[in-house]
*Asks:* 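This structure is in structure tokens; I'll ask about it shortly.
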Amino acid sequence: MTTPARTPSGAVAFYSDFDDFETWKKALQAQLPDLRIVHASAIGDPADIHYALVWKPPAGFFDRMANLRMIVNLGAGVDSLVRRDDLPRGVPITRISDPNMSRMMAGYVLFAALRHARDIPFFEQAQRAGTWSYRHPRAPEDVTIAVLGLGQLGALAAHELQRQGFRVIGWSRSPARIEGVECCAGMDALDGVIGRADILVLMLPLTPQTRQLLDRERLQRMRPGAALINVARGALVDQAALTDLLASGHIGAATLDVFAREPLPADDPLWGMPQVLITPHLASVALPASAAPQIAANILRVSAGGVPDHLIDPARGY
Ligand code: GLV
């Protein structure tokens, strides 16, 4: 990407509790050296803000930003932005669409799937008990992995999994094609896909249609002993049902990066389950150096009166 010569008017406001402001500022200014970027805590006149680079900003964040021209969601999933009721009308919202972010996610999914496919949670528990417990490895082609959600992130994860030799089934609401992956589409196909998986991977956006999609009944359709990996959103799943089914052993193990409530409360029973691996919502994160060029290009596009790339549809929810 060549460094654009023009400097857009107005300033960028930054808000995230998880991402480092200085790193983002440096990455964006490497693209647009004269761009003014202010942390949310240092906004002088809100009317000066033309662009907002945000991850879960507090309620009222956009109030009085009368000249806002674009909101950039500092991540892939936009569910937390689109469901709020204080969004300025008509201001385009974009998401980050970064191959490196997809690769980071695919790496996590690959790690988690391989861990389950090779029964590593079983060996971890055996080691803690000090027992030499032999369990014969399964060949990858004997392990069926279903990936629910075949957007940019899900499609790459499905592709990487099939490269490992697993039998991979992909499911999405509308038809998709991924080489080497059996792709199924539509609600009619969902329960069948869930019932065939040894490892079920959730990579769906959270929308009104997908909220609690994995309810108790669907979770019960999982094969006895199958593993669940959720790297998408906690609210896709009935977490109480998941906990019960893990406790009963119907679901054999889980790798959970996302939860109904985050941080996961200290007294949640999931913490104490040895067959559950918990990570604090970081399977993939927005990468400043990698994402800055597309954000800068979008800022320039909008400042020239154009339409930004990677627009999301607030009505659709992704
Ligand atoms: C993280 O959860 C993201 O949506 O980018």
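Read the numbers this way: they start at 1 and go in the same order the structure lists the ligands and their atoms.
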*Asks:* Verify whether one side chain among S303 and H50 offers a donor that lies under 3.5 Å from an acceptor in the other.
*Replies:*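 No, H50 and S303 have no side-chain donor paired with an acceptor closer than 3.5 Å.
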
*Asks:* What residues sit with at least one heavy atom under 4.0 Å from ligand 1?
*Replies:*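 Ligand 1 is contacted, at a heavy-atom distance under 4.0 Å, by W55, G75, A76, G77, M101, R233, H281.
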
*Asks:* State whether R216 and D244 are salt-bridged, where the test is any N-O pair (Lys NZ or Arg NE/NH1/NH2 against Asp/Glu carboxylate O) under 4.0 Å.
*Replies:*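 Salt bridge between R216 and D244, a charged N being under 4.0 Å from a carboxylate O: yes.
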
*Asks:* Could you tell me whether D17 and K56 have a side-chain N and a carboxylate O separated by less than 4.0 Å?
*Replies:*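 Salt bridge: no.
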
*Asks:* For the residue pair F21 and H39, categorise the inter-ring angle as parallel (less than 30°), tilted (30 to 60°) or perpendicular (more than 60°).
*Replies:*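 Perpendicular: the ring planes of F21 and H39 meet at over 60°.
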
*Asks:* Between R138 and D119, does at least one N-O distance fall below 4.0 Å, as a salt bridge requires?
*Replies:*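 A salt bridge links R138 with D119.
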
*Asks:* Do S97 and Q294 get their side chains close enough for a donor-acceptor pair, meaning under 3.5 Å?
*Replies:*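 Short answer, no.
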
